[in-house]
Amino acid sequence: MNNRHRRQRASYGRVVSDKMDKTVVVAVTRLVQHPLYGKVVRRVTKLKAHDETNESRIGDRVKIVETRPLSKDKHWRVATIVERGEHNPSP
């Protein structure tokens with residue numbers, strides 16, 4: 001299948017959970033205009049993404065790419081880690 005048909009998130013997401021094996025939860029923020037009042041509101045969508053090497057950590061900014069369904073909820077994979085986060089989990 002050609003990669004030109006795959007959707008890519010234009011905005012990058014932040015990893016908010018890395019507790020699963022080979023899966024991270026990525027929060028993608030988008031700006032939408034309120035239909036009645038016109039104010040620009042921030043909306044957050046949480047997506048599960050496949051991370052084959054378990055390299056992503058909480059707080060990392062990542063680029064995700066759509067892929068075939070890997071499980072019930074997982075239809076995305078981590079393409080690249082754009083920047084490392086400042087999060088240091090306590091022991």
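Positions are given from 1 along the sequence.
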(message) Quick check for you: to the nearest 0.5 Å, what is the distance between R42 atom CZ and R30 atom CZ?
(response) 12.5 Å
(request) Please check if the side chain of R14 supplies one atom and the backbone of G59 the other of a donor-acceptor pair under 3.5 Å. (result) yes
(request) Keeping the roles fixed (side chain from E83, backbone from R61), state whether a donor-acceptor pair exists under 3.5 Å. (result) no
(request) Taking side chain to side chain donor-acceptor pair (under 3.5 Å) as the test, write out the residues that go with H50, two or more places apart. (result) E52, K74
(request) Output every pair passing ring-ring contact (aromatic ring centres under 6.0 Å, His included) with a member in residues 13-47, not counting sequence neighbours, ordered by first then second residue. (result) H34-Y37
(request) Start with the C-alpha gap between V28 and V44, add the side-chain angles, then the distance that decides, and say whether side chain to side chain contact (heavy atoms under 4.5 Å, CB included) holds. (result) CA-CA 6 Å; V28 179; V44 177; over 6 Å; no
(message) Please give me the minimum heavy-atom distance between V62 and S56, naming the atom from each residue.
(response) CG1-OG, 4.1 Å
(request) Looking only at non-hydrogen atoms, find the nearest pair between Y12 and K63 and report the distance. (result) CE2-CB, 3.2 Å
(request) Of all the heavy-atom pairs spanning D60 and E55, show the shortest one and how long it is. (result) OD2-O, 4.3 Å
(request) Decide yes or no for V15 and V25: does some side-chain heavy atom of the first lie under 4.5 Å from some side-chain heavy atom of the second? (result) no
(message) Whether D51 and K22 form a salt bridge (side-chain N of Lys/Arg under 4.0 Å from carboxylate O of Asp/Glu) is what I want to check.
(response) no
(request) For residues A49 and V26, report the shortest heavy-atom separation together with the two atoms involved. (result) CB-CG2, 4.2 Å
(request) Could you tell me whether R57 and E86 make a salt bridge, using a distance below 4.0 angstrom between a side-chain N and a carboxylate O? (result) no
(request) Give me the other members of the hydrophobic cluster that L31 sits in, counting Ile, Leu, Val, Met, Phe, Trp and Tyr linked by side-chain heavy atoms under 4.5 Å, directly or via other members. (result) V40
(request) Please tell me if the side chains of I64 and L47 come closer than 4.5 Å, counting only heavy atoms from C-beta onward. (result) yes
